[in-house]
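Note sheet for the following structure.
All chains are named by letter (A, B, ...) in the order of the sequence lines, taking the proteins before the strands, and each is independently numbered beginning at 1.
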Amino acid sequence: DAKTTQPTSMDCAEGRAANLPCNHSTISGNEYVYWYRQIHSQGPQYIIHGLKNNETNEMASLIITEDRKSSTLILPHATLRDTAVYYCIVRVRGDSSASKIIFGSGTRLSIRP
Amino acid sequence: SAVISQKPSRDICQRGTSLTIQCQVDSQVTMMFWYRQQPGQSLTLIATANQGSEATYESGFVIDKFPISRPNLTFSTLTVSNMSPEDSSIYLCSVPGNNYEQYFGPGTRLTVT
């Protein structure tokens, strides 16, 4: 799986959009970008994933650059409950070995009132 | 998405003893994963548990220390054997979803004294 680079920490004002970047310059053509978050004292939570098109769901939007070497997770209206560690993961889909996840250090997002 | 429960949610154990952690899923899944999260760290994969076969352990983890059972498609156990304070961690199980995302249990917080 390709390596990802994320800022160690970020902060954002409540009600504003939180934009979390991820660099994955070595991504290959069959690798997807997945985002998870882990709120303190809870198990990680799946947020969204994408291949090359931008994706949106009820939790967030995922913007992937045209060259696919970086992506941005957008929380459109951040709340205090969005304070968490956010993990960007790049991985292949389609075989059993691809099911396991290798976590990096993630970005610690703090939402300030 | 899958609903996953773990027992116990937390425990305090004495060194040299063993603890068995249970993971229950609300649907049948072929693969289950066990992770460890040491204090202040990211998640580290311990092993992959397939029903009907031996678990596959990641580098640095051995079956004698972390035996795993997988008696059916909705249940698994992880035992932490001969515990030492270095085993104090959160232990989490997870299962894959239809799009190779993963769903995590709430975790078991273990403290070894």
Do the rings of B/Phe33 and B/Tyr35 sit parallel, tilted or perpendicular, given the 30° and 60° boundaries? tilted
Between A/Tyr32 and A/His49, how do the two ring planes meet: parallel, tilted or perpendicular, split at 30° and 60°? tilted
What part of [X] lies closer than 4.5 angstrom to a heavy atom of chain A: side chain, backbone, both or neither?
{"X": "B/Gln6", "answer": "neither"}
{"X": "B/Leu45", "answer": "side chain"}
{"X": "B/Asn50", "answer": "neither"}

For A/Asn30 and A/Arg68, the nearest pair of non-hydrogen atoms, with its separation, is N-NH2, 4.4 Å
Pair A/Arg37-A/Gln45, side-chain donor/acceptor within less than 3.5 Å: yes
